Amino acid sequence: MRRLVLVVFALLCAGAAAQAPRGAPLVERSWLPLARDGVHDPRSPAIGLLQEPGSALSALPADTAGNQVRWVEALRNGSINPRTSLRPEAQVRLLDSDIYMDRYGSVPVVRFPHREHTLWLDCGNCHERLFKSQTGANNISMLRILQGEQCGQCHGAVAFPLTECSRCHNTPRATLNRAPAARQGANVP
Amino acid sequence: MTGRALAGAALLVLAALTPSAACAEYGDVLLNRYSDQGGVRPVVFPHWFHRIRFRCKVCHDQLGFEMRAGANDVRMSDIIEGRFCGMCHNNDIAWGAERCDLCHSGRPGLKSGVYGGHQTTGPGRW
């Protein structure tokens, strides 16, 4: 069952990749106006008052999927600087460490960067409910992710979608000969 | 077994990747647990708008929003008393609860859930 899901998913990914080759110039982005997006009521008095997606997102680094915005890049280049807390006393935690996930032999290894995730999220959003903190202790599977569990709780809903295989499966096995499972970095306050 | 499993797998993947009729912005959440029965439009929560201004951790760690649409039972009384959305929507950081129409701007009758489908339509379960 699991293998079949992965085969079908891989075929679909290959199709998506063929349509949008990496490194190709991005097509011009466009966003539906709120009045035509299917979820807003076109007769709502909010139309015309609420900010339109295109007016905000067109200024941010371009992507081909999701909001068509590279959100982490937008943080990095300073085009947005969202608040990290409402209360000054709130503890804001950032962890700089990568986890390499190499469970199956057929696709490139997943590099999970804690840093990019903790720029947005707190440790407690994932640990310990979604993922145990011990490397290798989580039985991560694409089947569960496609069903909205594990990574799929955000990826496919608000973070870049599950069509973007190579953004997570980004590390060729040959480059990882003797790499440790986790490259620990410093805890940055 | 194999045929049924293959069909199930194909359906699962296609359901996850097929765009729906509603082409909301990616990550838009529609909240309609109480709105229709209360005679107001459902709420559209746009993740894109909020994440420009606040990191995920502000709402999902500090304000107590569960990261699963449908898992948060938010009443207007909560918001007026300063919980959930009311932490910001208080006429200080953002508009207050008396500006009903600005949040309650969704199409009546839509089901709650994650909408917004540039390539995928949200998780299989929410």
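Reminder, nothing fancy here: chain letters follow the sequence lines and each chain counts from 1. Note: hydrogens, waters and symmetry copies are ignored here, and every other heavy atom, side chains too, is used. Fair warning: this is a prediction, and the values are worked out from it, not measured in the lab.
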Looking only at heavy atoms, the pair that brings A/Pro42 and B/Arg107 closest together is CD-CG, 4.4 Å

For A/Arg87 and B/Met87, what are the C-alpha separation, side-chain angles and deciding distance, and is it a side-chain contact (heavy atoms from CB on, under 4.5 Å)? CA-CA 10 Å; A/Arg87 305 185 194 91; B/Met87 282 288 291; 3.6 Å; yes

Can you tell me which portion of A/Ala159 sits under 4.5 Å from chain B's heavy atoms? Options are side chain, backbone, both or neither. backbone

Same hydrophobic cluster for A/Ile145 and A/Phe131, using side-chain heavy-atom links shorter than 4.5 Å among ILVMFWY? yes

B/Arg53 side chain near A/Pro82 side chain, heavy-atom distance below 4.5 Å: no

Intermediate values then yes/no, side-chain contact (heavy atoms from CB on, under 4.5 Å), B/Cys23 and A/Leu32: CA-CA 8 Å; B/Cys23 297; A/Leu32 279 179; 3.4 Å; yes

Given B/Cys88 and A/Leu86, is the side-chain contact (heavy atoms from CB on, under 4.5 Å) satisfied, shown in steps? CA-CA 9 Å; B/Cys88 289; A/Leu86 283 181; 3.7 Å; yes

Quick check: is B/Ile79 connected to B/Leu31 through a chain of hydrophobic side chains (ILVMFWY, heavy atoms under 4.5 Å apart)? no

Hydrophobic cluster identity match, B/Phe84 and B/Ile93, side-chain contacts under 4.5 Å: yes

Measuring from A/Arg93:CZ to B/Asp61:CG, what's the distance to the nearest 0.5 Å? 7.0 Å

Strictly distance-based, threshold 3.5 Å: is any side-chain N or O of A/Arg83 a donor or acceptor partner for the main-chain N or O of B/Arg55? no

On a heavy-atom basis, the closest approach of A/Asp41 and B/Pro108 is OD2-CD, 3.7 Å

Search all heavy atoms of B/Trp48 against all heavy atoms of A/Gln51 and return the closest pair with its distance. CH2-O, 3.6 Å

If we ignore hydrogens and angles and just use 3.5 Å, is the side chain of B/Glu25 paired with the main-chain N or O of A/Leu34 as donor and acceptor? no

In terms of heavy-atom pairs under 4.5 Å, which option from B/Leu63, B/Leu30, B/Val58 contacts chain A the most? B/Val58

Determine whether B/Phe45 and A/Leu50 fall in the same hydrophobic cluster, where Ile, Leu, Val, Met, Phe, Trp and Tyr are linked whenever their side-chain heavy atoms lie under 4.5 Å apart. no

What are the two closest non-hydrogen atoms of A/Leu57 and B/Ile52, and how far apart are they? CD2-CD1, 4.1 Å

Can you tell me which portion of B/Phe54 sits under 4.5 Å from chain A's heavy atoms? Options are side chain, backbone, both or neither. both

What is the distance from atom CD1 of A/Ile47 to atom CG of B/Asp101, rounded to the nearest 0.5 Å? 10.5 Å

Measure distances from B/His60 to the heavy atoms of chain A and classify the residue's part below 4.5 Å as side chain, backbone, both or neither. both

Applying side-chain contact (heavy atoms from CB on, under 4.5 Å), run through A/Arg43 and B/Arg41 and close with a yes or a no. CA-CA 11 Å; A/Arg43 293 164 299 173; B/Arg41 294 180 176 89; 4.3 Å; yes

Step through the shown structure and confirm whether more than 12 heavy atoms of other residues, nucleotides or ligands are within 6.0 Å of CZ on B/Arg99. no

Looking at chain A, which one of B/His50, B/Glu66, B/Gln62 has the largest number of heavy-atom pairs inside 4.5 Å, strictly under? B/Gln62

Hey, is the main chain of A/Gln68 close enough, under 3.5 Å, to the side chain of B/Tyr26 for a donor-acceptor pair? no

Shortest non-hydrogen pair, A/Gln153 vs B/Met67, comes out as NE2-O, 2.7 Å

Is it the case that atom CD in B/Glu98 sees more than 12 heavy atoms from other parts of the structure closer than 6.0 Å? yes

In this structure, would A/Leu130 and A/Phe112 fall into the same cluster of hydrophobic residues linked by side-chain contacts under 4.5 Å? yes

Closest non-hydrogen atom pair between A/His40 and B/Ser105, with its separation: CD2-OG, 3.2 Å

With distance as the sole test, does B/Lys57 use its side chain to make a donor-acceptor pair with the main-chain N or O of A/Thr118 at under 3.5 Å? yes

